[in-house]
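A short worksheet on the structure shown next.
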Amino acid sequence: MKKPNLKTLTAALSVAVSVALPAAAQDNSGPILFTNVNVFDGVNEALIENANVVVTENLITAVSTGPLNFRRIQS
């Protein structure tokens with residue numbers, strides 16, 4: 001199976017984030033944390049499961065499988 005390149009990863013993550021951003025657009029005062037998501041990094045064939053993704057000003061700034069220290073806001 002051909003491995004996707006970084007451009008493919010960026011496109012896939014951009015689509016995923018753009019779907020979720022309208023819901024988060026109400027409060028754009030800081031980073032947005034998406035939890036329990038599966039991430040395809042474009043390098044490895046396997047998914048990164050149950051990851052945390054941080055988006056800051058419409059850019060993915062962190063992907064982690066460990067806990068991140070963020071303030072939770074209940075909607």
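Atoms considered below: every heavy atom in the structure, side chains included; atoms not considered: hydrogens, waters and symmetry mates.
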Test applied, side chain to side chain contact (heavy atoms under 4.5 Å, CB included); reference residue, Val39; option that passes from Val63, Asn50, Ile60: Val63

Sole residue of Thr35, Ile32, Leu33, Val37 in side chain to side chain contact (heavy atoms under 4.5 Å, CB included) with Val53: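 Answer after filtering Thr35, Ile32, Leu33, Val37: Val37.
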
How long is the gap from CG on Asn52 to CG on Asn36, to the nearest 0.5 Å? 7.0 Å

What's the separation between atom OG in Ser64 and atom CD1 in Ile48, rounded to the nearest 0.5 Å? 9.5 Å

With no hydrogens and no angle check, is any side-chain donor or acceptor of Asp41 less than 3.5 Å from a backbone partner on Val43?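 Flag set: sc Asp41 to bb Val43 pair under 3.5 Å.
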
